Number of protein chains: 2
Amino acid sequence: MTETPDPAPIPHTGPQGAQVAFLLAQLGEHATQAFTRRVAELDLTPAQAGLLRAVSLAPGQHQQELARRLGMSPSRFVAFVDAIEARGLVERRRNPKDRRFQDLYLAPKGEEAMRGLAEAALAHEEAICAGLDPQERIALGALLRRVAEAQHLTAGVHPGYRRLDPGRGGA
Amino acid sequence: MTETPDPAPIPHTGPQGAQVAFLLAQLGEHATQAFTRRVAELDLTPAQAGLLRAVSLAPGQHQQELARRLGMSPSRFVAFVDAIEARGLVERRRNPKDRRFQDLYLAPKGEEAMRGLAEAALAHEEAICAGLDPQERIALGALLRRVAEAQHLTAGVHPGYRRLDPGRGGA
DNA sequence: TATTGTTATACTCTATAACTATA
DNA sequence: TATAGTTATAGAGTATAACAATA
């Protein structure tokens with residue numbers, strides 16, 4: 001009989017050969033989904049949260065610059081910003097020195113959203129780290145930073161924005 | 001020219017509030033992409049690798065059972081298996097006791113692919129853990145397992161198979 | 001002429017739902 | 001009648017490429 005001999009689910013990688021790598025992929029996916037649900041309570045997607053944060057960090061960037069950073073095509077970025085602007089979270093302003101540019105600024109409602117996002121991020125961190133004591137969290141953070149550094153992910157690659165690099169479809 | 005005032009990229013989460021959670025998301029995405037490129041050298045996608053592994057672990061499961069485990073809809077699973085069967089990696093066999101079932105078995109070329117995947121998984125693990133010494137790898141694995149356990153991810157949720165839970169789009 | 005932003009078209013991917021065979 | 005598998009249709013999401021405005 002077949003009767004599902006082992007009910008253990010199927011990781012995409014052999015747990016024997018790739019323990020840490022698989023755990024990272026699994027937990028990363030989980031963390032991303034959890035964050036997605038959390039910002040959904042603020043009626044935001046992770047990409048929208050990323051844009052608000054980017055604009056908040058450096059107001060006045062123009063669209064193509066932001067699109068490139070978020071890994072979006074310029075054409076997609078237009079509709080993306082349309083929706084956020086329609087909700088009054090960001091403002092487009094023509095750059096007076098070069099009227100081709102549309103510079104983005106945080107609107108008052110956008111700053112309010114940023115405060116909500118900061119709270120959400122804290123709660124998210126707390127939820128993900130549940131089960132670890134403060135020392136362990138520090139140790140884990142340090143190890144993860146080491147790995148990220150070794151992988152040359154020095155700052156941030158904004159997971160979840162791009163689908164797959166078009167130039168990577170090797171072999 | 002605007003000259004990109006600060007070259008710092010944009011994480012989707014504030015690095016202040018969510019250090020560990022963000023690192024997990026970032027590294028998980030990175031690990032998944034690296035694995036995707038690696039199995040692409042074997043002309044496989046992560047989902048295909050997952051199916052081969054699932055069939056290898058428990059031969060003779062029928063399609064809907066496998067589809068459910070991999071988080072795919074049955075209809076999508078058909079074309080998915082078609083491609084893998086056409087390449088001679090798996091075999092469909094009608095279950096003689098109940099001819100409605102199509103049971104899946106690994107074909108000889110599929111077993112060969114599994115050996116290649118085992119090698120790839122080892123190399124992948126090594127690449128991801130580069131920069132950590134053996135003790136640190138053990139420590140990191142232990143911490144990650146603790147987190148996974150606390151999140152009730154006891155075994156494996158096969159990241160990268162599903163796009164987003166359809167029932168999760170909460171307000 | 002070159003570049004930003006925008007729009008329009010086409011394409012890929014996926015799920016929903018109808019259909020066939022078996023029980 | 002109910003279930004496994006299959007097929008067909010429709011929908012969402014995306015990128016590529018054409019277009020308009022500004023430099």
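The model shown is predicted, which means the values in this text are computed figures rather than measured ones. Residue numbers begin at 1 in each chain, while the letters A, B, ... track the order of the sequences.
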- Query: Within 45 degrees of the axis of the six-membered ring of A:Tyr105 and under 6.0 Å from its centre: does A:Arg93 put its NZ or CZ there?
  - Reply: yes
- Message: Check this for me, if you would: do A:Arg137 and A:Glu126 make a salt bridge, where the nitrogen-to-carboxylate-oxygen distance has to be below 4.0 angstrom?
- Response: yes
- May I ask you to check whether over 12 heavy atoms, not counting those of B:Glu111, lie within 6.0 Å of atom CD? yes
- Query: Taking CZ from B:Phe80 and P from C:dT12, how many angstroms apart are they, rounded to a whole number?
  - Reply: 19 Å
- Spacing between A:Arg94 atom CZ and D:dT22 atom P, to the nearest angstrom: 7 Å
- Item | Atom-to-atom span, CG of A:Leu70 to C1' of D:dA15 - whole angstrom | 17 Å
- Would you mind telling me which of D:dG5, D:dA23, D:dA15 lies closest to the side-chain atoms of A:Arg100? D:dA23
- Task: Could you check how far CZ of A:Phe101 sits from P of C:dT6, rounded to whole Å?
- Result: 13 Å
- Respond yes when some side-chain nitrogen or oxygen of A:Gln64 is under 4.0 Å from OP1 or OP2 of C:dT4, and no when none is. yes
- Specify the closest pair of heavy atoms between A:Val81 and A:Val90, including all atoms of both residues, with the distance to one decimal. CG1-CG2, 4.5 Å
- Item | Among D:dA4, C:dT6, C:dA17, the one nearest B:Ser75 by side-chain distance | C:dA17
- Should A:Phe77 and A:Leu52 be regarded as members of a common hydrophobic cluster, given that ILVMFWY residues are connected when their side-chain heavy atoms come within less than 4.5 Å of each other, either directly or indirectly? yes
- Message: At 4.0 Å (heavy atoms only), tell me whether B:Gln102 reaches a base, stays on the sugar-phosphate, or touches nothing.
- Response: sugar-phosphate
- Interatomic distance where CZ belongs to B:Phe77 and P belongs to C:dC13 [whole Å]: 18 Å
- Query: So does B:Ser73 get a side-chain nitrogen or oxygen closer than 4.0 Å to the phosphate oxygens (OP1/OP2) of C:dA15?
  - Reply: yes
- Task: Between D:dA4, C:dT6, D:dA23, spot the one nearest the side chain of A:Arg92, thanks.
- Result: C:dT6
- Using whole Å, report how far CG of A:Leu66 lies from C1' of C:dG5. 13 Å
- Item | Distance test, side-chain N/O of A:Arg76 to OP1/OP2 of D:dA12, below 4.0 Å | no
- Item | Gap between atoms CE and P, on B:Met72 and C:dC13 respectively (whole Å) | 13 Å
- Query: Nearest-Å distance, CG (A:Asp103) to C1' (C:dG5)?
  - Reply: 12 Å
